[in-house]
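Quick note: numbers below take in every heavy atom, side chains included, and nothing from hydrogens, waters or symmetry partners. Per chain, numbering begins at 1; letters A, B, ... match sequence-line order.
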2 protein chains.
Amino acid sequence: MKLTEAEWQIMNALWQKHPATAREIRDRLPAGINWAYTTIKTMLTRLVEKQAVSEIKQANTSVYDPLVSQQKARLSAFRSLLDQAFDGAIGPLVHFLAEEKQLTAREKAELAKILESEAQDKGE
Amino acid sequence: MKLTEAEWQIMNALWQKHPATAREIRDRLPAGINWAYTTIKTMLTRLVEKQAVSEIKQANTSVYDPLVSQQKARLSAFRSLLDQAFDGAIGPLVHFLAEEKQLTAREKAELAKILESEAQDKGE
DNA sequence: AAGATTCTACTACATCCGTAGAAGGCGACA
DNA sequence: TGTCGCCTTCTACGGATGTAGTAGAATCTT
């Protein structure tokens with residue numbers, strides 16, 4: 001399930017709270033995004049075709065629900081990034097993160113802490 | 001510098017070893033990608049327009065060099081992913097990685113180890 | 001110097017993506 | 001019952017993207 005940039009916006013709004021109508025989604029889009037109502041509808045239609053969301057008509061108004069979980073969409077995006085930009089492996093990503101001055105030490109520490117405790121839990 | 005999927009393929013081949021000619025790039029693309037020579041050229045032209053690579057003509061053949069480093073391209077892709085799929089923050093990504101069963105404990109541990117030593121080095 | 005090979009520049013074209021207008025249906029309300 | 005406001009579906013359109021063919025120039029090979 002590959003989402004486009006605009007579709008991510010919609011999905012993000014939908015995951016936030018659902019089911020939701022097109023208008024609700026629109027109101028929940030980040031400030032700065034001011035799409036016409038019909039634009040939202042168009043994208044919802046496409047997402048329904050893609051089976052990323054479901055649509056049910058209540059009276060004359062459609063309400064939408066995500067069919068793919070945020071977790072799943074994130075995984076897919078994450079894997080794509082890995083494949084495309086990091087040789088498909090965690091190793092190069094780690095390397096990159098370590099090198100990357102633009103991530104603060106705090107961010108790195110946070111990342112490290114959680115991952116470490118996780119790894120211990122599971123053992124390996 | 002936003003690269004498309006196909007452009008990443010080209011850039012990956014180019015970063016691997018450069019300068020390189022179109023033909024060399026072509027030969028270095030992952031098995032499974034079998035683009036026509038002219039397809040490579042088209043994309044190189046577009047990358048030159050975008051100023052992602054430079055082109056110098058040696059005799060009648062162009063040789064190409066990356067103008068954006070792999071590190072920079074990676075950063076940009078990483079940030080995009082963060083913004084698009086993880087609320088622009090490391091936190092949610094961490095959360096995701098921790099939850100994600102599909103990353104092995106080994107991968108997580110590896111990630112954690114490097115990040116931790118990094119964070120300590122730098123202090124914050 | 002003819003022929004084969006290889007390169008470049010230009011053009012093409014289907015599909016996807018972002019974005020939205022137009023037109024018509026329906027319930028609320030004066 | 002006319003019309004206001006919101007909803008829906010259908011249609012559109014320019015630009016980006018993936019993919020490549022064609023034609024002619026340059027170079028190698030005998």
* Between A:K50 and A:E7, does at least one N-O distance fall below 4.0 Å, as a salt bridge requires? -> yes

* Asked: For DNA chain C, which residues in residues 16-28 of chain A have a heavy atom at a distance below 4.0 Å?
  -> none

* Asked: Could you give the CD-to-P distance, from B:E5 to C:dC17, as a whole number of Å?
  -> 10 Å

* Spacing between A:W8 atom CH2 and C:dC17 atom C1', to the nearest angstrom -> 17 Å

* Are any of the side-chain heavy atoms of B:W15 and B:V68 separated by less than 4.5 Å? -> yes

* Nearest heavy-atom neighbours spanning A:V63 and A:P19 -> CB-CB, 4.3 Å

* Would you call A:E24-A:K17 a salt bridge at under 4.0 Å N-O? -> no

* 5′-ward residue of the pair A:N60/A:E7 relative to DNA chain C -> A:E7

* Asked: Can you tell me how far C1' of C:dA20 sits from CD1 of A:I33, to the nearest Å?
  -> 16 Å

* Asked: For residues 34-59 of chain B, which residues have at least one heavy atom under 4.0 Å from DNA chain D?
  -> B:W35, B:A36, B:T38, B:T39, B:T42, B:M43, B:R46, B:A59

* Which heavy atom in B:G88 sits nearest to a heavy atom in B:D83, and how many Å separate them? -> CA-OD1, 3.4 Å

* **Heavy-atom side-chain proximity of A:P92 to B:R74 below 4.5 angstrom** => yes

* Is it the case that A:R23 places NZ or CZ above or below the six-membered ring of A:Y37, under 6.0 angstrom from the centre and within 45 degrees of the axis? -> yes

* To do: Respond yes when some side-chain nitrogen or oxygen of A:S62 is under 4.0 Å from OP1 or OP2 of D:dT8, and no when none is.
  => yes

* To do: May I ask you to test the B:Y64-B:I10 pair for a side-chain heavy-atom distance under 4.5 Å?
  => no

